[in-house]
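Scroll down for the structure; my scribbles are underneath it.
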Number of protein chains: 2
Amino acid sequence: MREEDLKQRLRARNLRITPNRLDLLTAVDRFVGAIPHTKLQADLASMDRVTLYRTINSLLEGGLIHRASANEQETYYALCEDACLADAHQHQHIHFKCENCSKIYCLPLQQDLHLNTGGFKVKAFEILASGQCEACASQEK
Amino acid sequence: MREEDLKQRLRARNLRITPNRLDLLTAVDRFVGAIPHTKLQADLASMDRVTLYRTINSLLEGGLIHRASANEQETYYALCEDACLADAHQHQHIHFKCENCSKIYCLPLQQDLHLNTGGFKVKAFEILASGQCEACASQEK
DNA sequence: TAACTAATGCAACATTGTTGCATTTAGAGA
DNA sequence: TCTCTAAATGCAACAATGTTGCATTAGTTA
């Protein structure tokens, strides 16, 4: 994604355009799949550790990135779709973790889900899946 | 659940029957929904903090309890079904977090899911949902 | 360019989870 | 029931992860 696009997204959310934010967005954007926090910290080593946390928070609140929780311990982040609103992420997708290469991917959901059970009213959901990713599966052939 | 049943489950997995393990299982069993780690620590305050972690681990590995991850920060635990095997949990259910009372429930999944997308082979999945639980929904009437 | 507010960096702290080691205890066998 | 051994426990120390306060710097608007 071009830097101007990233800037545009920041402007659209009334977030100031700073080098840190652009660096962070670029790192998230360039990474194939969702990027783990440790990887962000390594890529952005010159950024203060605390600033990294706060920058992530701002972008989460602004709806530019979202958490792609998959593993218990590590946290992953990915860019949001254009359509995502700040506090109402519309992610009808699956967070998929490859057992082989450990990458996290956001896959589209190809099916309508009917999750309401008994008196429980489901308003939002997330699917965490694991298995073998496209790249690893094709290598085995 | 009767204490004898809990003991039986421990025996079935070749896990020694200790007061700590019984206390932990009882706490998990009694709690409505999945119990958060902080609540376990509070309920079992006399148990060493480290022992709590290790006891949880033993029971996880033994397949007597499972993680019901839902929230980003806190970890939740619930008793497994009888059918669960040690390292191949068969949880075709939804981990549901009530937005109102914050409880975590394990709900059955009422639909077959077809998650395979492109070359991605899904081997296991978990669904995290949020909304309004039965109890909170009925109170609003 | 000036002024205001948000963002940053640093220090300190809080929480969560882990490791090593000495001691105690559950369970198997004599 | 007693003895023995490995597993479980408690404690201390450490490691990783995330948070708060505060002084300084930098983006944005007029």
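Being a predicted model, the structure only gives us computed values, none of them experimental. Residue numbering restarts at 1 for every chain, and letters A, B, ... go by the order of the sequence lines.
Spacing between atom CG of A:Leu44 and atom C1' of C:dG9 amounts to 15 Å, rounded to whole angstrom units. To the nearest angstrom, P of C:dG17 lies 11 Å from CG of B:Leu40. The distance from atom CD of A:Glu74 to atom C1' of D:dG18 is 13 Å, rounded to the nearest whole Å. The CG-P distance, from A:Leu60 to D:dT19, rounds to 11 Å in whole Å.
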Quiz item: Can you give one letter per nucleotide of nucleotides 24-30 of chain C, 5' to 3': B if a protein heavy atom sits under 4.0 Å from the base, S if only from the sugar-phosphate, - if neither?
Solution: --BS---

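A:Glu74 places a side-chain N or O within donor-acceptor distance of the main-chain N or O of A:Thr38, the cut-off being under 3.5 Å.
Remark: B:Ser46 is not in phosphate contact with D:dG10, judged by side-chain N or O atoms under 4.0 Å from OP1 or OP2. In this structure, A:Arg54 does not reach the D:dT19 phosphate: none of its side-chain N or O atoms is under 4.0 Å from OP1 or OP2. The phosphate of D:dA8 (OP1 or OP2) has no side-chain N or O of B:Asn20 nearer than 4.0 angstrom. Phosphate contact (OP1/OP2 of C:dA6, side-chain N/O of A:Ser58, threshold under 4.0 Å): absent.
A continuous path of Ile, Leu, Val, Met, Phe, Trp and Tyr side chains, each step under 4.5 Å between heavy atoms, connects B:Leu22 with B:Leu44, placing both in one hydrophobic cluster.
The existence of a salt bridge linking B:Glu4 and B:Arg11 is confirmed by a sub-4.0 Å separation between a basic side-chain nitrogen and an acidic carboxylate oxygen. The pair B:Arg9-B:Asp5 does not meet the salt-bridge criterion, since no charged nitrogen lies less than 4.0 angstrom from a carboxylate oxygen.
Nearest-nucleotide positions on DNA chain D place B:Arg49 closer to the 5' end than the other of A:Asn57 and B:Arg49.
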